[in-house]
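All remarks here apply to the structure that follows.
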Amino acid sequence: MAGVKLQGIYKKYPGGVIAVSDFNLDIKDKEFIILVGPSGCGKTTTLRMIAGLEEITEGDLFIDDKLVNDIPPKDRDIAMVFQNYALYPHMSVFDNMAFGLRLRKTPKEEIKRRVEEAAKILDISHLLDRKPKALSGGQRQRVALGRAIVRNPKVFLLDEPLSNLDAKLRAQMRTELAKLHQRLQTTFVYVTHDQIEAMTMGTRIVVMKDGFIQQVASPTALYENPCNLFVATFIGSPQMNILDATVEDDGSSTWLAFGENKIKLPNSKGRNPEVLAYAGKEVIMGIRPESLHDEDVYLSQYPDATITVDVEVVEQLGSVTYLYVKTGESSMTASVSPRSTAKPGDKVKIAFDTNHIHLFDKDTEKVIAGESVRE
């Protein structure tokens, strides 16, 4: 098993295009790390540089403390699982899984043992004689994983392996991959644009944008303490509500004014000197849908942070109800109890759980000091 270390990694293409900039990351042995971000952010390019499929323009890459910049992919002791499975259509499942071992002149009995062992782990033993065209998408993905497992690599690299599956199968395979990682106790580096995949599988998440790392943290830390507006809005579904607000200080309390509304911040946050430095200035306020409430217990708990809104759309999902509401020019989503009786066209009171309000600088979009990032 092995860790992976990337130090000052750049990828520059002809014409001045920079795909990855100053990428620094220390991936621990046996860690499940996720690279996540929108299309074109550089996550797959980074993965391909680890694999050796893309040349590193600048910087150093270490696998198991060994500099591997100039080592070809076949000698890096890594296995890569691709988005499109990359199976040989004319070969059986057994032969697809055994192919890499045969290239390495592995003895036949050892190949048979490894393939059967991997097939058992992935529950595809009954498929070993079939060709890929006779398999479902989920089964093909398992074969692609099996082909990687039989090699016993130091590092698994997975490039959006679930993106071609339907929603139900994706959810099932997320669980299977997490269990597989626990069973194999190997380093996983996983690329996805789906933040739900990232939040549910990774021990740490690397959020990328335009080739730069925005934040590296555990799923909980990213969700609760995003370092900037991009991370705040990228992580979480439904997305964090974002409102323009003005900080007001009356000498003993701090308020956020937006439209015709005004809500009071708790002193632990509002009387923070770095927040008070924004008194009289506009900031960006963020609050997640589950921190907006329409139940009486919250309305009485936060009387200074309750506003009246117009309900535009109601989505009842069984376990939760989403209210899409509007106040003035500002739209918000509230995740409320499924027992909520709100209907489109209603005016309802919504309480802000002010302990969970995020404030961002209007210009830099960085979180305003006072929020602690928990690893």
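For this chain, numbers begin at 1 and follow the sequence in order.
- Residue pairs meeting the salt bridge (charged side-chain N to carboxylate O under 4.0 Å, His left out) criterion with at least one member in residues 350-363, sequence neighbours excluded: D244-K362, E282-K362.
- When the ring pair (Phe, Tyr, Trp, His ring centres under 6.0 Å) test is applied to Y278, no partner is found at least two apart in sequence or on another chain.
- Between the side chain of R142 and the main chain of M173, no donor-acceptor pair closer than 3.5 Å is present.
- N228 and Q214 share a side-chain donor-acceptor pair at under 3.5 Å.
- Hydrophobic cluster membership of Y13, counting Ile, Leu, Val, Met, Phe, Trp and Tyr whose side-chain heavy atoms lie under 4.5 Å apart directly or via other members: V17.
- Screening L299, V309, L323, T321 for a side chain to side chain contact (heavy atoms under 4.5 Å, CB included) with D294, the sole residue that qualifies is L323.
- Residue Y324 shares its hydrophobic cluster (ILVMFWY side chains chained together at separations under 4.5 Å) with V313, L317, V320, Y322.
- When all heavy atoms of E55 and M49 are compared, the closest pair comes out as O-SD, 4.1 Å.
- With rounding to the nearest 0.5 Å, the separation of CD1 in I34 from CE in M201 is 4.5 Å.
- Every residue was checked against the ring pair (Phe, Tyr, Trp, His ring centres under 6.0 Å) condition with F23, not counting sequence neighbours, and none meets it.
- Atom CG of L177 sits about 13.0 Å away from atom CZ of R170, to the nearest 0.5 Å.
- F360 pairs by the ring pair (Phe, Tyr, Trp, His ring centres under 6.0 Å) definition with nothing, not counting sequence neighbours.
- Separating the CZ atom in R174 from the CG atom in L169 is a distance of 11.0 Å, to the nearest 0.5 Å.
- A side chain to side chain contact (heavy atoms under 4.5 Å, CB included) with F230 holds for exactly one of K209, K366, Q215; it is K209.
- You'll find the side chain of L292 stays beyond 4.5 Å of the side chain of V336, heavy atoms only.
- Residue-environment remark: CG (D75) exceeds the threshold of 12 foreign heavy atoms within 6.0 Å.
- Counting Ile, Leu, Val, Met, Phe, Trp and Tyr side chains that sit under 4.5 Å apart, directly or through other members, L103 shares a hydrophobic cluster with Y88, M91, F99.
- Residues passing the side chain to side chain contact (heavy atoms under 4.5 Å, CB included) test with S330, sequence neighbours excluded: L243, T327.
- Proximity of I27 to K5: side-chain heavy atoms (C-beta onward) are nowhere separated by under 4.5 Å.
- Partners of D346 under the salt bridge (charged side-chain N to carboxylate O under 4.0 Å, His left out) rule, at least two apart in sequence or in another chain, are K343.
- Summarising the geometry of I50 relative to I63, their closest heavy-atom pair is O-CD1, 4.1 Å, with the distance given to 0.1 Å.
- The number of heavy atoms from other shown groups lying within 6.0 Å of NZ (K326) is above 12.
- The structure places CG of L135 at 12.0 Å from CD of Q141, a figure rounded to the nearest 0.5 Å.
- Taking CG of N267 as the start and NZ of K269 as the end, the distance is 12.5 Å to the nearest 0.5 Å.
- For the atom pair CZ of R288 and NE2 of H356, the computed distance is 11.0 Å after rounding to the nearest 0.5 Å.
- Taking the side chain as every heavy atom from C-beta outward, L53 and P73 approach each other to under 4.5 Å.
- A side chain to side chain contact (heavy atoms under 4.5 Å, CB included) with I263 holds for exactly one of T306, I287, I307; it is I307.
- Across V20 and G42, no two heavy atoms sit closer than the pair CG2-O, 3.6 Å.
- Through side-chain heavy atoms spaced under 4.5 Å, either directly or across other Ile, Leu, Val, Met, Phe, Trp or Tyr residues, F62 is tied to L67.
- Within a 6.0 Å radius of CZ in R104, more than 12 heavy atoms belonging to other residues, nucleotides or ligands are found.
- For H293, the ring pair (Phe, Tyr, Trp, His ring centres under 6.0 Å) partners at least two apart in sequence or on another chain are Y298.
- For N24, the side-chain hydrogen bond (donor to acceptor under 3.5 Å, both in side chains) partners two or more places apart in sequence, or in a different chain, are D22.
- Using a cutoff of 4.0 Å between basic side-chain nitrogens and carboxylate oxygens, E176 and K179 are scored as salt-bridged.
- Residues P226 and V367 share a closest heavy-atom pair of O-CB, 3.7 Å.
- Considering all non-hydrogen atoms of both residues, V314 and P344 come closest at CG2-CD, 3.7 Å.
- Using a 4.5 Å heavy-atom threshold, the side chains of V4 and L61 count as touching.
- Heavy-atom neighbours of D250 CG from other residues, nucleotides or ligands within 6.0 Å: above the threshold of 12.
- The heavy-atom pair separating K11 from T57 by the smallest distance is CA-OG1, 3.4 Å.
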